[in-house]
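First the structure, which I've put down as structure tokens, then a few questions once you've had a look.
What's counted below: heavy atoms across the whole structure, side chains too, no hydrogens, waters or symmetry copies.
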Amino acid sequence: MQPSYRAESSDPSQMTEEQEVFLKHIQKQGLKRTAQRDLILDVFLRTEGHVSGEDLYQLVRQKDPTVGQTTVYRTLRLLTDAGLAREVRFGDGRAHYEHNYKHEHHDHMICSECGKIIEFYSPELEAIQDAMAAKYKFTLTEHLLRMIGVCTDCQQKSEKPTARKELAAHAAKSTRP
């Protein structure tokens with residue numbers, strides 16, 4: 001599933017809160033603000049949904065073909081360390097990143113057929129996890145929930161061929177003497 005990208009619309013002379021957070025973080029790390037880091041941050045913040053490092057690299061290269069893949073991956077690490085991005089894994093062997101700063105907690109359902117990702121929030125699940133943590137005197141710092149299954153679209157696609165086969169088998173039976 002390709003991430004979507006919002007076109008630029010903000011005034012480049014004013015820093016957003018996210019840009020300020022990133023600048024403070026890299027300065028603490030002894031790093032400098034660069035045009036390439038600014039571009040990667042901007043592209044990431046304008047990208048909706050989940051983006052892999054490779055996806056982000058391709059989006060950045062559309063804006064500036066001189067940006068290297070290593071720069072994108074290092075900047076993603078900085079974004080994660082700054083709390084602007086969150087790394088999530090969906091079982092496809094790749095790290096994906098989503099916006100983290102001032103975004104509500106949510107969990108994920110992942111279709112094992114098409115890779116569709118459905119984000120959801122369940123107060124009932126949150127209450128169960130808190131109760132389990134309390135029961136075992138466990139201090140929760142974070143949790144990640146991935147539910148793997150088959151989405152409605154893929155279920156419907158797989159049902160249609162079966163229904164056709166059953167109709168064909170039924171038709172074959174009814175034409176026999």
Side-chain angles (χ1 to χ4, degrees), residues 1-6 9-10 14-31 33 37-60 71-159:
M1 188 160 170
Q2 273 303 80
S4 61
Y5 177 77
R6 289 193 318 262
S9 62
S10 62
Q14 292 187 331
M15 283 181 65
T16 65
E17 192 173 347
E18 290 91 343
Q19 288 168 323
E20 289 177 18
V21 167
F22 186 62
L23 181 58
K24 286 178 187 171
H25 177 73
I26 61 173
Q27 286 173 338
K28 273 191 222 172
Q29 302 297 312
L31 301 170
R33 181 179 180 191
R37 285 188 184 127
D38 284 349
L39 174 62
I40 295 163
L41 171 63
D42 182 62
V43 171
F44 175 75
L45 292 175
R46 293 177 188 282
T47 302
E48 299 294 327
H50 304 93
V51 61
S52 70
E54 181 61 30
D55 294 335
L56 185 60
Y57 172 62
Q58 294 302 327
L59 291 169
V60 169
T71 302
V72 171
Y73 279 89
R74 285 181 180 157
T75 304
L76 262 175
R77 176 54 42 212
L78 290 169
L79 292 172
T80 303
D81 293 345
L84 296 170
R86 180 167 72 125
E87 181 180 314
V88 289
R89 297 200 174 256
F90 298 124
D92 62 357
R94 300 187 318 163
H96 298 263
Y97 298 86
E98 63 185 2
H99 296 193
N100 190 47
Y101 186 72
K102 293 191 174 181
H103 279 71
E104 294 295 320
H105 167 77
H106 61 270
D107 295 302
H108 300 97
M109 288 186 276
I110 303 132
C111 179
S112 58
E113 299 291 319
C114 69
K116 178 179 183 178
I117 300 164
I118 300 166
E119 295 180 351
F120 70 96
Y121 174 78
S122 168
E124 296 85 3
L125 284 175
E126 298 298 314
I128 291 168
Q129 88 180 9
D130 292 342
M132 295 308 295
K135 178 180 176 178
Y136 292 100
K137 296 178 176 46
F138 186 79
T139 302
L140 268 178
T141 57
E142 68 177 304
H143 88 270
L144 306 169
L145 176 64
R146 297 183 316 179
M147 296 170 61
I148 314 292
V150 181
C151 72
T152 303
D153 292 341
C154 290
Q155 289 175 45
Q156 290 173 353
K157 286 177 190 171
S158 67
E159 287 173 9

Glu18: salt bridge (Lys or Arg N to Asp or Glu O under 4.0 Å) partners, not counting sequence neighbours: none

Salt bridge (Lys or Arg N to Asp or Glu O under 4.0 Å) against Asp107, all qualifying residues, sequence neighbours excluded: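 Here no residue qualifies.
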
Heavy atoms from other residues, nucleotides or ligands near CZ of Phe138 exceed 12 (cutoff 6.0 Å):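 Not buried by this count: 12 neighbours or fewer within 6.0 Å.
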
4.5 Å side-chain heavy-atom contact, Arg37 and Leu31: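 Of all side-chain heavy-atom pairs linking Leu31 with Arg37, at least one is under 4.5 Å.
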
For Phe44 against Ala85, the heavy-atom pair lying closest together: CZ-CB, 3.6 Å

Contact summary for Phe90 and Ile148, nearest pair of heavy atoms: O-CD1, 4.4 Å

Donor-acceptor pair, side chain of Glu113 and main chain of Cys151, under 3.5 angstrom: no

Ser112 side chain to Gly149 backbone, donor-acceptor under 3.5 Å: yes

Distance, nearest 0.5 Å, that separates CG of Leu76 from OH of Tyr97: 5.0 Å

Member of Glu98, Arg86, His99 meeting the side-chain hydrogen bond (donor to acceptor under 3.5 Å, both in side chains) criterion with His50: Glu98

Straight-line distance of Asp153 CG to Lys116 NZ, nearest 0.5 Å: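 Here the interatomic distance stands at 5.0 Å.
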
Distance, nearest 0.5 Å, that separates CG of Asp81 from NE2 of His25: 4.5 Å

Close side-chain approach of Phe22 to Thr75, heavy-atom, < 4.5 Å: yes

No-hydrogen, no-angle side-chain donor-acceptor test under 3.5 Å, Glu54 and Ser52: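 Looking only at side-chain atoms, Ser52 and Glu54 do not form any donor-acceptor pair under 3.5 Å.
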
Contact check, side chains of Leu23 and Gln27, non-hydrogen atoms, under 4.5 Å: yes

Glu126 vs His143, side-chain contact (heavy atoms from CB on, under 4.5 Å): CA-CA, chis, key distance, verdict: CA-CA 10 Å; Glu126 298 298 314; His143 88 270; 3.2 Å; yes

Inter-residue atom distance Leu145.CG - His108.NE2, 0.5 Å rounding: 9.5 Å

Inter-residue atom distance Leu59.CG - Ile40.CD1, 0.5 Å rounding: 11.5 Å

Close side-chain approach of His96 to Glu87, heavy-atom, < 4.5 Å: no

Nearest-0.5 Å distance that lies between atom CG in Leu56 and atom CD in Gln58: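 One gets 10.0 Å once the value is rounded to the nearest 0.5 Å.
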
By salt bridge (Lys or Arg N to Asp or Glu O under 4.0 Å) - contacts of Asp130 (at least two apart):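 Listed in chain order: nothing, the list is empty.
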
Minimal non-hydrogen separation, Leu41 against Leu79, with atom names: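 Answer, listing the atom of Leu41 first, then Leu79: CD1-CD2, 3.4 Å.
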
Atom of Thr47, atom of Val43 and distance for their closest heavy-atom approach: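 That would be OG1-O, 2.6 Å.
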
